[in-house]
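In what follows, a structure is listed as structure tokens, so that the remarks can point back to it.
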Amino acid sequence: MSIFDILGPVMVGPSSSHTAGAVRMGQIARRLVGGEPVRARILLAGSFASTGAGHGTPRALVAGLMGFMPDDERIPRSFEIAGERGLAYEFGTVQLRDAHPNSALLTVENERGERVEVGASSPGGGRILVFSLDGLPTAFSGEVPTLIVRCEDRPGHVSRVTGVVAAQGINMSKLRVERDERGGTAIMVIECDQRIPYKVKMAISAIEGVRKVTRLNPGEESK
Amino acid sequence: MSDYSSVSQLLALSEAAGLPLWKTVQITDCAEQNMSEADSWAKMADMLAVMKSADAGYDRRQRSLSGLSGGDGGKMEDYLASGRAVSGPLVGRMIAAALKMGECNACMKRIVAAPTAGACGVLPAVLLPCGEVLGLPDEKLIEALYAAAGFGRIIAGKASISGAQSGCQAEIGSASAMASAAVVQLRDGTGRQMANAAALALKSLLGLACDPVGGLVEVPCIKRNVIGAVNALTAAEMALAGIESRIPADEVIEAMGEIGDMMPSSLRETAQGGLAATETGRKWGNGNG
């Protein structure tokens, strides 16, 4: 544990879990949909639903969708800024079974009409965990370089995708594959020891049957 | 140099290397994070800069989203300016600084979690006024932040710095222990004095429940930053006077973790017990929920 996990992070208050973590959830949903979000439906669960308003959780989520960092002083004005930028958002509540008390379900659409549904929780300290993606269970935090590949469920996809990663000399620390049904949609989550360069994303995107590739490199969240 | 996970290990590392405790904390972190000492120093200097800028940017008209907090730092400053303060300029300024930082956090301003957002007022409320009153340069305050971070890291590893896990003793208590070590560093005290200061500070806040009204980081969190800061100062003064904690720091930290484990969940940030469950607390809580 670094001493800067103790003295830090620098963040906009009032709560590392309900404010800073909520910003990170919005950021990760933004990265997963790709491009510029234009519409978002955000369902708050558990403690996010009951105490979120007083913690600025909704404003923090919208700030994250616009790519703000957790220490951005514009977070309290995120609703107004979203209005100026043409990001429409609506909030509701949801009951999530077996989820951490600090959770939300974000359905986000970009300017090309592409959609993603992200379920995430914020266990504390500003860290988050994505537990579902487009209705499939998953588990990643974005704290280490992570590749998320959404593709058709076909034989050989895992080996082709991991082949691209290996060819770049990148070491994988974790690989998880989920699918909705045989021959349906599969999601591969690959955590790596090294930063994932753009050309890896491009090479994987070119594989037949791959629908969407997202790379999360820590420190590059706002891009 | 190897790592430390207890106060006794940190003291041993520091004494074996013949280095001040704060420097040992810095070097260990740099080795672990693969960071240069210059980059580490710049990062810590930035933490101090954010603390100073939040303190300077305090706006007494600001209110939190819930309407529960805001303006008390301004009241305290007016009272100090009137010259009627009983506690004198240092303690008076500490009270004001703790309230201001806690209110900044509640009002969605930029703060440094130290070790948490709810306890973000304790360290700056000790360091900034002490720096001013003692006329210390920023370098001394940054060294003190390293000393504080070293103790915080040990507490986080051996026990907890989370109110949801171990109650307020883990947030304000830990921050107070960290700040007391920082004060000892400001006076160039020894590592052993810092360990005694941290132990004395944490002992005085053992058992403190996390019972926030409406589940918000406001009541009683903001004003508990005041007691965390003042308690840090008195613990440091005792340690600098040569007074020792009969229970060593490592054992106090372990006791804090054990007490946290024994706490009912109603007193661990769930807003179901203590102040949150009082008649008035419930009224405010319902207004928010």
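Chain identifiers are assigned alphabetically (A, B, ...) following the order of the sequence lines, protein sequences preceding nucleic acid strands; residue numbering begins at 1 within each chain. None of the values given here were measured: they were computed from a predicted structure.
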Heavy-atom pairs under 4.5 Å with chain A, option from V217(B), D29(B), L65(B) with the top count: D29(B)
Residue among I190(A), T214(A), L216(A), N217(A) satisfying side-chain contact (heavy atoms from CB on, under 4.5 Å) with L147(A): I190(A)
Region of S2(A) in contact with chain B, defined by heavy-atom distances below 4.5 Å: both
Part of K43(B) within contact of chain A (heavy atom distance under 4.5 Å): both
Atom group of I111(B) that falls short of 4.5 Å from chain A, counting heavy atoms: both
Leading residue by heavy atom contact count with chain A [cutoff under 4.5 Å; candidates S174(B), S40(B), C104(B)]: S40(B)
Beyond-backbone contact of N225(B) with N105(B), side-chain heavy atoms, under 4.5 angstrom: no
V50(B) portion near chain A, given a 4.5 angstrom heavy-atom threshold: side chain
Chi angles and distances behind the side-chain hydrogen bond (donor to acceptor under 3.5 Å, both in side chains) call for Y4(B), S14(B): CA-CA 10 Å; Y4(B) 59 90; S14(B) 162; over 6 Å; no
Spacing of OG1 belonging to T51(A) relative to CG belonging to N102(A), to within rounding of 0.5 Å: 7.5 Å
Close side-chain approach of W41(B) and E37(B), heavy atoms under 4.5 Å: no
Structural part of I155(B) lying under 4.5 Å from a heavy atom of chain A: neither
Any donor-acceptor N or O pair under 3.5 Å, side chains S66(B), S64(B): yes
Which atoms of M108(B) approach chain A - backbone, side chain, both or neither, heavy atom under 4.5 Å: both
4.5 Å side-chain heavy-atom contact, V62(A) and F91(A): yes
Engaged part of M44(B) at the chain A interface, taking heavy atoms whose separation is under 4.5 Å: both
